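These notes are about the structure you will find just below.
We're numbering straight along the sequence, starting at 1. Worth saying up front: this structure is predicted, and the values here are computed from it rather than measured.
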Amino acid sequence: MSLEEFKGIFWFEYAHRLLGRSIGIAFLLPFLYFLFKGWIEKPMVPKLITMFLLGGLQGALGWYMVPAGLSIIRMSASIA
């Protein structure tokens with residue numbers, strides 16, 4: 001990947017990362033507020049926590065995949 005190709009996708013990927021973090025914060029802050037106010041019924045709490053953790057797991061998987069993909073690109077470029 002050339003520098004120009006990288007520049008073409010950098011801002012898209014950066015905005016995607018910020019969107020994911022914003023979604024996490026938009027879920028977590030109201031969840032904590034409603035939880036401490038007692039407005040969430042007890043059976044719903046584990047379900048909502050699971051939803052939040054699955055969203056975080058999706059972000060962690062993406063974080064793991066990017067370095068793994070870059071390693072493959074480096075290896076194939078060095079072989080060629």
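Hydrophobic cluster membership is shared by Phe52 and Leu32, with clusters built from Ile, Leu, Val, Met, Phe, Trp and Tyr side chains linked at under 4.5 angstrom.
Only one option out of Leu28, Ile40, Leu35 pairs with Leu48 in a side-chain contact (heavy atoms from CB on, under 4.5 Å); it is Ile40.
Considering only residues two or more places apart in sequence or on other chains, Leu53 meets the side chain to side chain contact (heavy atoms under 4.5 Å, CB included) condition with Ile49. Residues passing the ring pair (Phe, Tyr, Trp, His ring centres under 6.0 Å) test with Tyr33, sequence neighbours excluded: Trp39. With sequence neighbours excluded, no residue forms a side chain to side chain contact (heavy atoms under 4.5 Å, CB included) with Trp63.
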Scan the side chains in residues 4-27 for donor-acceptor partners under 3.5 Å anywhere in the protein, sequence neighbours excluded, and list what turns up.
| unit_1 | atom_1 | unit_2 | atom_2 | d |
| --- | --- | --- | --- | --- |
| Glu5 | OE1 | Ser2 | N | 2.9 |
| Ser22 | OG | Leu18 | O | 2.8 |

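Sequence neighbours left out, not one pair with a member in residues 37-60 passes salt bridge (charged side-chain N to carboxylate O under 4.0 Å, His left out).
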